[in-house]
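Within every chain, numbering begins at 1; the chains are lettered A, B, ... in the order of the sequence lines, protein sequences first and strands thereafter. Values reported hereafter were calculated over all heavy atoms of this structure, with side chains retained and with hydrogens, waters and symmetry mates removed.
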There are 2 protein chains.
Amino acid sequence: MSNASVRSVTSVPPVGRPGPGGPVRAAGPTASATAGPTTLRQVARAAEVSMATVSRVLAGNYPVAPPTRQRVLRAVRELDYVANAHARALRGHATPTVALVLADLRDEATARIAQGVEEEAAEHGRGCLIGTTGGDPRRERAVLRSMRQQGAGAVVLIGDGDQGPAHQAELAGIAGSLAAAGSRLVLCGRPAPTGATSATVVDYDNEGGAYALVSDLLARGHRQVLFLGPTTGGGTAAGRLAGYRRALTDHGLPVRPALLAGGGLGRAEAHDRLARLLATRRADRADPAGTGFSAVFAVTDQAAAGALTALRAAGLSVPDDISLVGYGDSDRATDLLPQLSTVHVPYTELGRAAVRLALAREPAATGRHAVLPTHLVPRHSTAPPPPA
Amino acid sequence: MSNASVRSVTSVPPVGRPGPGGPVRAAGPTASATAGPTTLRQVARAAEVSMATVSRVLAGNYPVAPPTRQRVLRAVRELDYVANAHARALRGHATPTVALVLADLRDEATARIAQGVEEEAAEHGRGCLIGTTGGDPRRERAVLRSMRQQGAGAVVLIGDGDQGPAHQAELAGIAGSLAAAGSRLVLCGRPAPTGATSATVVDYDNEGGAYALVSDLLARGHRQVLFLGPTTGGGTAAGRLAGYRRALTDHGLPVRPALLAGGGLGRAEAHDRLARLLATRRADRADPAGTGFSAVFAVTDQAAAGALTALRAAGLSVPDDISLVGYGDSDRATDLLPQLSTVHVPYTELGRAAVRLALAREPAATGRHAVLPTHLVPRHSTAPPPPA
DNA sequence: CTGTTAGCGCATTCAG
DNA sequence: CTGAATGCGCTAACAG
């Protein structure tokens, strides 16, 4: 009863709305003494009702006498009360958040997926908790663990997914834990971990896009297409390489190892690798462009940007001497000169689909593998090869 | 006592580590009956100790007998237990998260800031809660409110900040509420709301960068520089326009309204506006390039990309006929041909600084206004004007 | 060293 | 219609 003597805050002049200048903080000893957010109890005291009544007014699902309701609402406004989400969550009545785990937000594809995830989550009334890993599998596990602690209702994992079988197995374990806790792991834009029955996968037609891209090149008459990107590992690049291989094979052409240039997903690496290749090749060969290939399939648009610079530096014109294609249909594809032919990937939709699947009621959604279509976007960086 | 008859889970075979294939879920009635995450109580029962002991083992700040400790750790592993972050938060011993509010993750500058925020937050051991607004002030307020409910230890607001005085006032109120709850609002890359004493601001030298950029143009001999971007409002563009004005004035040149082209921050709008302008001007004037200006200051790199396309379409060469500069030093600046001269903005560092200030112990950090430096990055899109 | 107790803020029984 | 009591999962005082 020690606090019972505290005067009600309703004696404060009726300033009402917490408009410009900030809401009115209670001047009484209670409010000024304790730092930290206003609690339900404080509101109850101010409105001279019980906590239960305040709760009911706020929930709105229960009959409350109009005068009481007014008193409560007024106190809520004056004390600038907002409910504590943690307490709600603990009580079991908070909509769990969607967790988003990714390597780096600065990557355009990642950012697009993330935006999709965030939008869809918001439409379902869920917040979105984000964690970055820098591509480090260890940090990925740590972040995933932390998301589990937060009680995430669903975890969306964005990324390349090429981190070795051990990590894949670890992921399978995490997927199982999440599933056991009533949550769900959704892998977005990366292959399913081997043997993970509990993980849901949302992917796009990586291989099909590459197939279309290379087929288009072949249809224009190209016979030597350089694949500029990683040729090992099981990540995103693997699907694109598979499409490249299939297109060649279907057209009765051999997959020549000399045309598998290797490299990374980024701009700098692609640039350097192609530049070196051009320097070497031109000394050896005697084909039209002096390179041993008439077209370059860069594994990403970023890589294509690097490739373009290297080609230009070597005095080669795109698409007159060499055709160039990228993958991803990023913003930069239209900034390049010539504008880059590429494959459109519905990144934002990928993120949305991931959340929809993650939040789906039916347990059948667990372990599902959704694949979104991709399509070729022909622009101005492709042309028939120059006449021999 | 109804649950007291449940057999201890230690009778499960010693599979141990939750490796590939997922952790071992307890097979007893307790674990399989209740869905949802494992609780401390379940672990305590399994290890045949009290909840407090489990808590102590996990916290590690308290002496526990080695055998007991082993039993507990084993149960934790077998039940795949992780602590409930909400309960921790409620108890008061969880590090609050950093909330991040922004319009759209797909914007490169925003993504960079966000990455910085996330990195710095992680280094402080805080999670990062993200919410997008789509640039809508109403959604911004809603998101901010929700962040407050989540008990965010700090709220970082990224954005253009040009939404009118009413919204600014509203923001001031929110800053006050946050401050009263022991949290803090940090505005990142946007001007301080008028009269908000409770908001902290982290900005960059927007005006100085523009000043340097335009001064460089003037030093090269340009006298008519077109400002391509918004000329009204108090957002990001305002500071850049101010730098433009000051540079002109300092060099004894008038600010000619005809050279204030207006437009938006994006690529498309800049392109269309410049294209229209070029069509009109060339019919009227008779200066070297036939445009009435010899250089274009595009308010962002994106706008510069649009401007470049428009200039090229009009048969104008950059930088031979017209010089072009952007702002932001985005990735695309080096993809353009010629590579774009621009102003570097330390976006990632901006995000980091925002979190540092947000989490600073000293209350003095509230209401502070930090300004990070910018610098000119001369590349190949600027040259002296063509001889008359 | 370990167990028991209390309470964080809230929503929800159950009594009035 | 409203108030008092209970417990979500956890940790920090207190006892042993």
Side-chain angles (χ1 to χ4, degrees), chain A residues 1-4 30-31 34-72 75-76 79 81-96 148-151 181-182, chain B residues 1-4 30-31 34-72 75-76 79 81-96 148-151 181-182:
Chain A
M1 288 295 176
S2 55
N3 297 21
T30 310
T34 51
T38 311
T39 72
L40 195 64
R41 165 176 271 113
Q42 293 170 14
V43 175
R45 273 213 260 276
E48 295 176 311
V49 293
S50 72
M51 291 168 53
T53 302
V54 177
S55 180
R56 289 197 266 254
V57 168
L58 263 32
N61 309 331
Y62 223 77
V64 174
T68 318
R69 157 184 229 79
Q70 292 313 320
R71 277 218 313 288
V72 169
V76 165
L79 292 178
Y81 170 79
V82 287
N84 179 324
H86 293 303
R88 277 203 151 113
L90 196 57
R91 197 62 228 284
H93 274 262
T95 46
R148 198 142 77 83
Q149 293 196 190
Q150 306 286 330
Chain B
M1 287 295 176
S2 54
N3 297 20
T30 308
T34 52
T38 311
T39 72
L40 194 65
R41 165 177 271 112
Q42 293 171 11
V43 175
R45 273 213 261 275
E48 295 175 310
V49 293
S50 74
M51 290 168 53
T53 301
V54 178
S55 179
R56 289 196 267 256
V57 169
L58 262 31
N61 309 331
Y62 225 78
V64 175
T68 317
R69 154 183 230 82
Q70 292 314 319
R71 278 217 314 288
V72 169
V76 166
L79 293 178
Y81 170 79
V82 286
N84 180 324
H86 293 303
R88 278 205 152 116
L90 197 57
R91 199 63 226 290
H93 275 264
T95 46
R148 198 144 75 83
Q149 292 196 194
Q150 306 285 331

Every protein N/O lying under 3.5 Å from an N/O of nucleotides 13-16 of chain D:
unit_1 : atom_1 : unit_2  : atom_2 : d
D:dA13 : N6     : B:Arg56 : NH1    : 3.4

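Going from atom CE of B:Met51 over to atom CZ of B:Arg56 covers 11.5 Å, rounded to the nearest 0.5 Å.
Residues B:Gly151 and B:Pro96 come closest through the heavy atom pair O-CB, 3.8 Å. Contact detail for A:Glu48 and A:Arg71: the closest heavy-atom pair is O-NH2, 3.5 Å. When all heavy atoms of B:Gln150 and A:Ala85 are compared, the closest pair comes out as CA-CB, 3.7 Å. Among all heavy-atom pairs drawn from B:Arg69 and B:Val64, the shortest one is N-CG1, 3.9 Å.
In this structure, CE of B:Met51 is placed 9 Å from P of D:dG9, rounded to the nearest angstrom. Put simply, CG on A:Leu40 is 15 Å from C1' on D:dT6, counting in whole angstrom units. The interatomic distance linking B:Leu90 (CG) with D:dG7 (P) rounds to 17 Å, in whole Å.
Considering only residues two or more places apart in sequence or on other chains, A:Ser50 meets the side-chain hydrogen bond (donor to acceptor under 3.5 Å, both in side chains) condition with A:Thr53. For A:Val76, the side-chain contact (heavy atoms from CB on, under 4.5 Å) test picks out A:Val43, A:Leu58, A:Val72, A:Tyr81, with sequence neighbours left out. Scored by the side-chain contact (heavy atoms from CB on, under 4.5 Å) test, B:Thr39 finds B:Arg41, B:Gln42 as partners (sequence neighbours excluded). Partners of A:Ala65 under the side-chain contact (heavy atoms from CB on, under 4.5 Å) rule, at least two apart in sequence or in another chain, are A:Pro67, A:Thr68.
For the pair B:His86 (side chain) and A:Ala87 (backbone), a donor-acceptor distance under 3.5 Å is absent.
Using a 4.0 Å heavy-atom cutoff across all strands shown, A:Ser55 reaches at least one base atom of the nucleic acid.
Residues B:Pro37 and B:Asn84 fail the side-chain proximity criterion, which asks for heavy atoms closer than 4.5 Å.
Between chain B and DNA chain C, the heavy-atom contact criterion of under 4.0 Å yields a 5' to 3' nucleotide range of C:dC1 to C:dG9.
DNA chain D lies under 4.0 Å from no heavy atom of any residue of residues 81-89 of chain A.
Remark on the helix from C:dC1-D:dG16 to C:dG16-D:dC1: inter-end axis angle 50°, axes from five-pair C1' superpositions, rounded to 10°.
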